[in-house]
Amino acid sequence: MRLVSSLLFCVIYIPHIILGGGNKLVVSDLRRIEYQIGLKLPILLQLIYQLHTNRYYRNLFYHRLGPVKSAFIQWYRPGDRYFCISATTKIGVGIWIAHPYATIINADSIGSNFSCIHCTTIGATKKGRPVIGNNVALGANVTIIGDVHVGNNVTIGAGSVVVKDLPDNCIAAGNPAKVIKYNEPRE
């Protein structure tokens, strides 16, 4: 039913398709969340479906377009006001954010295949903003703040507060977050 309603209202997404339909980052994000529909759909149909039904995805889509392009279309089909991504944050391919209610992302850069859940805060201090590597997964209610470097292939447990650098290939948890286990490198 949601797919049918998305197709019925697809006319309102023509500007979205024109401005960002071919963007490789948009396509990579859609590939990462395509399982949500339960059907293997062409990218264009997935884009229409996600834009129509997923307000969190719209925030990410507008971030991918950039502030100038998104200013033209964001006003009539806004995203979620409780999910904020800083315009200056550089995000790699394939981001997956599950129900990011009350999530703030203000990092210097985030690598490829990043995933997080609700109530996440990635924020700046006077010393700087976090830099997050590739293949990083955050549990619910994680806070990463300041000039912190999170390595590649890192998993951070729910409720953790990261205020110091984390090395590659580890699992960290706690307040303040500490490495609790090292993993074999993921490919």
Side-chain angles (χ1 to χ4, degrees), residues 23-36 50 54-67 70 78-187:
N23 185 321
K24 72 174 188 165
L25 295 173
V26 169
V27 172
S28 73
D29 297 336
L30 289 169
R31 290 280 182 229
R32 186 95 191 266
I33 62 172
E34 69 185 347
Y35 73 91
Q36 291 176 341
Q50 293 295 344
N54 188 340
R55 65 186 187 266
Y56 303 124
Y57 177 77
R58 283 194 298 270
N59 281 33
L60 180 60
F61 178 82
Y62 296 139
H63 177 78
R64 295 294 197 193
L65 289 184
S70 65
D80 187 80
R81 64 182 173 173
Y82 301 111
F83 171 43
C84 302
I85 304 173
S86 170
T88 59
T89 298
K90 297 173 204 83
I91 302 175
V93 298
I95 188 172
W96 177 73
I97 301 176
H99 49 84
Y101 180 79
T103 294
I104 310 287
I105 297 177
N106 183 16
D108 189 47
S109 66
I110 296 174
S112 301
N113 300 316
F114 172 78
S115 60
C116 74
I117 305 178
H118 59 279
C119 299
T120 296
T121 300
I122 302 172
T125 63
K126 292 178 184 176
K127 294 181 180 180
R129 300 188 308 168
V131 174
I132 298 174
N134 298 324
N135 303 314
V136 173
L138 309 179
N141 200 29
V142 169
T143 300
I144 303 173
I145 192 155
D147 186 19
V148 174
H149 294 270
V150 176
N152 297 322
N153 306 317
V154 173
T155 302
I156 300 173
S160 298
V161 177
V162 180
V163 292
K164 293 183 180 176
D165 293 354
L166 294 174
D168 291 349
N169 306 313
C170 72
I171 297 173
N175 182 2
K178 294 181 175 119
V179 175
I180 58 174
K181 180 180 175 185
Y182 284 94
N183 295 325
E184 296 297 321
R186 285 188 261 173
E187 302 198 13

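For this chain, numbers begin at 1 and follow the sequence in order. Not measured: the values here are computed from a predicted model.
- The structure places CG of Leu30 at 8.5 Å from CZ of Phe61, a figure rounded to the nearest 0.5 Å.
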Side chain to side chain contact (heavy atoms under 4.5 Å, CB included) evaluation trace for Ile85 with Leu60: CA-CA 8 Å; Ile85 304 173; Leu60 180 60; 4.1 Å; yes
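- By the side-chain hydrogen bond (donor to acceptor under 3.5 Å, both in side chains) test, Asn54 pairs with Gln50, sequence neighbours left out.
- Arg58 meets the side-chain contact (heavy atoms from CB on, under 4.5 Å) test with Leu51, Arg55, Tyr62, Arg77; sequence neighbours excluded.
- Residues Ala87 and His63 share a closest heavy-atom pair of O-CE1, 4.0 Å.
- Nearest heavy-atom pair across Gly151 and Val136 is O-CG2, 3.4 Å.
- The CD1 atom of Ile132 sits 8.0 Å away from atom OG of Ser109, with the distance rounded to the nearest 0.5 Å.
- Listed by chain and residue number, nothing satisfies the ring-ring contact (aromatic ring centres under 6.0 Å, His included) test with Tyr182 (two or more places apart in sequence, or in another chain).
- The closest side-chain heavy-atom distance from Thr143 to Thr120 is not below 4.5 Å.
- Annotation: ring-ring contact (aromatic ring centres under 6.0 Å, His included) contacts involving residues 102-156, sequence neighbours excluded, comprise His99-His118.
- In this structure, Ile144 and Thr121 have side chains that are not in contact, with every pair of non-hydrogen atoms separated by 4.5 Å or more.
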Begin from the C-alpha positions of Ile145 and Val162 and carry the test side chain to side chain contact (heavy atoms under 4.5 Å, CB included) through to its verdict. CA-CA 7 Å; Ile145 192 155; Val162 180; over 6 Å; no
Could you give me the CA-CA distance, side-chain angles and deciding distance for Ile110 and Val131, then say whether side chain to side chain contact (heavy atoms under 4.5 Å, CB included) is met? CA-CA 6 Å; Ile110 296 174; Val131 174; over 6 Å; no
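- Pairing each heavy atom of Ala173 with each of Ser160, the nearest pair is CA-OG, 3.1 Å.
- The side-chain heavy atoms of Thr103 and Ile122, taken from C-beta on, include no pair separated by under 4.5 Å.
- Closest approach of Gly66 and Ser70 over heavy atoms only: O-OG, 2.7 Å.
- For the residue pair Asn153 and Asn169, a side-chain donor N or O sits within less than 3.5 Å of a side-chain acceptor on the partner.
- Considering only residues two or more places apart in sequence or on other chains, Cys119 meets the side-chain contact (heavy atoms from CB on, under 4.5 Å) condition with Ala102, Asn141.
- The shortest non-hydrogen separation linking Pro167 to Val154 is O-CG2, 3.3 Å.
- For the side-chain hydrogen bond (donor to acceptor under 3.5 Å, both in side chains) test, no residue two or more places apart in sequence or in another chain qualifies with Tyr57.
- Ring orientation note: the planes of Phe83 and Tyr56 are nearly perpendicular, at an angle over 60° on the 30°/60° scale.
- Here the closest non-hydrogen pair linking Val142 and Ala158 is CG2-CA, 4.4 Å.
- Taken from CG in Asn135 to CG in Asp168, the straight-line distance is 10.0 Å, to the nearest 0.5 Å.
- Under the 4.5 Å side-chain criterion, counting only non-hydrogen atoms from C-beta, Leu25 is not in contact with Val27.
- Legend: salt bridge (Lys or Arg N to Asp or Glu O under 4.0 Å) pairs involving residues 94-117, not counting sequence neighbours, sorted by first then second residue: Asp108-Arg129.
- Residue pairs meeting the salt bridge (Lys or Arg N to Asp or Glu O under 4.0 Å) criterion with at least one partner in residues 157-167, sequence neighbours excluded, are absent.
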Result block: side-chain N/O donor-acceptor pairs under 3.5 angstrom for residues 89-96, not counting sequence neighbours:
| unit_1 | atom_1 | unit_2 | atom_2 | d |
| --- | --- | --- | --- | --- |
| Thr89 | OG1 | Ala107 | N | 3.2 |
| Thr89 | OG1 | Ala107 | O | 2.9 |
| Trp96 | NE1 | Tyr35 | OH | 3.1 |

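- With sequence neighbours excluded, no residue satisfies side-chain hydrogen bond (donor to acceptor under 3.5 Å, both in side chains) with Thr125.
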Checking Ile171 against Val179 for the side chain to side chain contact (heavy atoms under 4.5 Å, CB included) test, could you report, in this order, the C-alpha distance in whole Å, the side-chain angles of both residues, the deciding distance, and whether it holds? CA-CA 6 Å; Ile171 297 173; Val179 175; over 6 Å; no
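- Within the structure, no pair that satisfies the side-chain hydrogen bond (donor to acceptor under 3.5 Å, both in side chains) test touches residues 171-181, not counting sequence neighbours.
- A distance-only check finds a donor-acceptor pair linking the side chain of Asn152 to the backbone of Asn134 [under 3.5 Å].
- Asp29 meets the side-chain hydrogen bond (donor to acceptor under 3.5 Å, both in side chains) test with Arg64; sequence neighbours excluded.
- Rounded to the nearest 0.5 Å, atoms CG (Leu138) and OG (Ser115) are 7.0 Å apart.
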